[in-house]
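To start, the structure itself, in structure tokens.
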4 protein chains.
Amino acid sequence: MDFRSDQAIYLQIADFIIEMILTGKWPEDEKIPSIRDLAVEIEVNPNTVMRTYNQLQADGIIYNRRGIGYFVGEQARENARAIKKQEFINSDLPRLFKTMHLIDLSLDDLELLYRQYSENSN
Amino acid sequence: MDFRSDQAIYLQIADFIIEMILTGKWPEDEKIPSIRDLAVEIEVNPNTVMRTYNQLQADGIIYNRRGIGYFVGEQARENARAIKKQEFINSDLPRLFKTMHLIDLSLDDLELLYRQYSENSN
Amino acid sequence: MDFRSDQAIYLQIADFIIEMILTGKWPEDEKIPSIRDLAVEIEVNPNTVMRTYNQLQADGIIYNRRGIGYFVGEQARENARAIKKQEFINSDLPRLFKTMHLIDLSLDDLELLYRQYSENSN
Amino acid sequence: MDFRSDQAIYLQIADFIIEMILTGKWPEDEKIPSIRDLAVEIEVNPNTVMRTYNQLQADGIIYNRRGIGYFVGEQARENARAIKKQEFINSDLPRLFKTMHLIDLSLDDLELLYRQYSENSN
DNA sequence: GTGGTCTAGACCACC
DNA sequence: GTGGTCTAGACCACA
């Protein structure tokens, strides 16, 4: 796993976990890697992973059983998707549209770029 | 002026100035507010405004006449638009599209939201 | 049985057993569930139950006959009540009163809440 | 400042700050000590203080201005008192009353203990 | 100066 | 084994 430098590592780990959940690779109530294991695997300090887990727990996406580990929460997929969607619509989109307007980029242009992106990611 | 906490203030000021230029409110060669005046008006430290002006000058969007002040540069609109566009396509869009995919938001959904946004901003 | 996360599970189990004893549901010299059985019933690790039983035995509330099981001790009710009372007065109450003072809750308010609680628990 | 060992230090610091706010010693919009300063004063690691500030910010009790510091939030007194009160009524009180019942302690007994406590804290 | 992040390593309670 | 807390110290961006 390699990290971008423009965002905190613990947030990028959170995005990774949310992706695992949203794509169904980590189903509901499944145990997720222990803090130590994940830290070793992605080569970061355990404290950094713990910070990620703390936040995801506060968001209701994962939960924790004492001495056992962390688990994917009930309805984590729905919750995570809802949270992400709200964030997206409330804070990303307005900025997106405003920028599009400023740089004179139409919806059609955006559609074109989207198709290019889709092709490249296949 | 109120600032988001997820981006440096000096960058948000830069965006504001670019918006003024792109929308034509500050035309080419027009004097822009002095560092001190702008700092007072938007209630930030003059150092912060200076940082904004320095960067915009480095980008060729504004220029400065010693002892007189800062001015909108020649072809500032074109330059600013080109810079914004590059930024947008290279760094904003990919993450945008990835998020859209994760939260199951289609281009059609986006179009709908765009129309809602357009109506509200009128 | 579901556990709060703000206290060790083995202590919550101890509270449960003490409650059984104080309310007379488990009378003196009666055999209590085996470690294994209780562990299965409340879905915790047997080690955790063992820890509870060890402590209760050390407190003189239960005793154990090798190969047979654990039993409610002689005068377990009196002992348990005395221990709980000491704990309560020495460590719970001071913090309680301090909090009451901070949130501006009077003895009269407390009395009111007590009546509400009594009604609901009937 | 000396800390009990039965609760995390960062939570005890939070309680201290809430007390400062509730008693009016730190009024609304007042700057609170910087992370470093408070850490030096109470002789803990800055990370520990930061943890406290993070939580209080999440609770809406303090807020932060980039590069300047942390401040007592708007209506922090009301919010803090409300949060504390909810916690108290929902989680402390039921346990309190249950324990009182188990150890055969009446409201009158409690009142007596309260008066003793009040005298001692003067 | 301010906070934010990260690492390294320690100790602890708990399961 | 698990997580939770704390320290020490570093580096960074920002105001």
Side-chain angles (χ1 to χ4, degrees), chain A residues 3 5-13 31-40 42-55 57 62-71, chain B residues 3 5-13 35 39 42-52 54-55, chain C residues 3 5-13 35 39 42-52 54-55, chain D residues 3 5-13 31-40 42-55 57 62-71:
Chain A
F3 300 102
S5 61
D6 65 341
Q7 198 188 19
I9 290 178
Y10 79 96
L11 292 176
Q12 298 183 52
I13 301 174
K31 186 176 183 305
I32 68 177
S34 79
I35 290 180
R36 285 170 169 82
D37 285 353
L38 185 55
V40 169
I42 63 181
E43 294 177 303
V44 301
N45 189 285
N47 284 329
T48 305
V49 175
M50 168 133 47
R51 205 166 171 177
T52 302
Y53 282 16
N54 276 340
Q55 184 185 304
Q57 185 170 37
I62 63 178
Y63 65 92
N64 147 350
R65 282 169 55 190
R66 305 175 61 110
I68 302 181
Y70 280 89
F71 298 79
Chain B
F3 300 100
S5 61
D6 65 343
Q7 200 187 16
I9 290 178
Y10 82 97
L11 292 176
Q12 298 183 51
I13 301 174
I35 288 181
I42 62 180
E43 293 177 303
V44 300
N45 191 300
N47 288 330
T48 306
V49 175
M50 185 162 65
R51 195 161 175 178
T52 302
N54 281 340
Q55 180 183 309
Chain C
F3 300 100
S5 59
D6 65 344
Q7 198 186 18
I9 290 178
Y10 83 96
L11 291 176
Q12 298 185 51
I13 301 174
I35 289 182
I42 62 180
E43 293 178 301
V44 302
N45 192 299
N47 287 330
T48 307
V49 177
M50 185 163 65
R51 194 161 177 179
T52 301
N54 281 340
Q55 181 182 309
Chain D
F3 299 103
S5 61
D6 65 342
Q7 198 189 18
I9 291 178
Y10 79 96
L11 292 176
Q12 298 183 51
I13 301 174
K31 187 174 182 306
I32 68 176
S34 77
I35 290 180
R36 285 169 169 82
D37 285 353
L38 184 55
V40 169
I42 63 182
E43 293 176 303
V44 300
N45 189 285
N47 285 329
T48 304
V49 176
M50 168 131 49
R51 206 165 169 177
T52 301
Y53 282 16
N54 277 340
Q55 183 186 304
Q57 186 169 37
I62 62 177
Y63 65 91
N64 149 344
R65 282 169 57 189
R66 306 176 61 111
I68 302 180
Y70 280 88
F71 297 78

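Throughout, protein chains are lettered first and strands after them, A, B, ... in sequence-line order, and every chain is numbered starting at 1. Everything numeric here is computed off the predicted structure, so don't read it as measured data.
The one candidate from Val49(D), Leu38(D), Ile62(D) that meets the side chain to side chain contact (heavy atoms under 4.5 Å, CB included) condition with Tyr70(D) is Ile62(D). A side chain to side chain contact (heavy atoms under 4.5 Å, CB included) with Thr52(D) is found for one member of Ile13(D), Ile9(D), Leu11(D) and no other, namely Ile13(D).
Following rounding to the nearest Å, Met50(C) (CE) and dC14(E) (P) show an atom-to-atom distance of 15 Å. Here the P atom of nucleotide dT5(E) and the CG atom of Asp6(A) are 13 Å apart, to the nearest Å. The CD1 atom of Ile32(D) sits 13 Å away from the P atom of dT2(E) (whole-angstrom rounding). One interatomic measurement links the two molecules: CG of Asn64(A) to P of dT5(F), which rounds to 10 Å at whole-angstrom precision. The distance from atom CD of Gln57(D) to atom C1' of dT2(E) is 13 Å, rounded to the nearest whole Å. Note: OH (Tyr70(D)) to C1' (dG4(E)) measures 8 Å, nearest angstrom. Distance, Gln55(C) CD to dC15(E) P: 12 Å, rounded to whole Å. We find that CG of Asn54(B) is positioned 14 Å from C1' of dA15(F), with the value rounded to whole Å.
For Val44(B) and Ile68(A), each mapped to the nucleotide of DNA chain F holding its nearest heavy atom, the one lying further toward the 5' end belongs to Ile68(A). Projected onto DNA chain E by closest heavy-atom contact, Leu11(C) and Pro46(A) fall at different nucleotides, the more 5' of which corresponds to Pro46(A).
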Dot-bracket for DNA chain E, 5' to 3', counting Watson-Crick or G-U wobble pairs under 3.5 Å, with [ ] for crossing pairs and | for inter-strand pairs? ||||||||||||||.
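Side-chain contact check for Tyr53(A) versus Asn64(A): every heavy-atom pair is 4.5 Å or farther apart. In this structure, the side chains of Met50(C) and Asn47(C) come closer than 4.5 Å at one or more pairs of heavy atoms.
With rounding to the nearest 0.5 Å, the separation of CG in Asn45(C) from CD1 in Ile35(C) is 11.0 Å.
Other residues, nucleotides and ligands place no more than 12 heavy atoms under 6.0 Å from the CZ atom of Arg65(A).
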Please write out each protein N/O paired with an N/O of nucleotides 9-13 of chain E under 3.5 Å, distance rounded to 0.1 Å.
residue, atom, partner, partner atom, Å
dG9(E), O6, Asn47(A), ND2, 3.1

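Among residues two or more places apart in sequence or in another chain, the ring-ring contact (aromatic ring centres under 6.0 Å, His included) test is passed with Phe3(D) by none.
Here the nucleotide nearest the side chain of Ile35(A), chosen from dT5(E), dC6(F), dG4(F), is dG4(F).
Shown here for Gln7(C) and Gln12(C), the closest heavy-atom pair between the two residues is O-NE2, 2.8 Å. The heavy-atom pair separating Ala39(B) from Pro46(B) by the smallest distance is CB-CA, 3.8 Å.
A sub-4.0 Å separation between OP1 or OP2 of dT2(F) and a side-chain N or O of Ser34(A) is present.
Nucleic acid contact for Tyr53(A): none, since no nucleic acid atom lies under 4.0 Å from a heavy atom of the residue.
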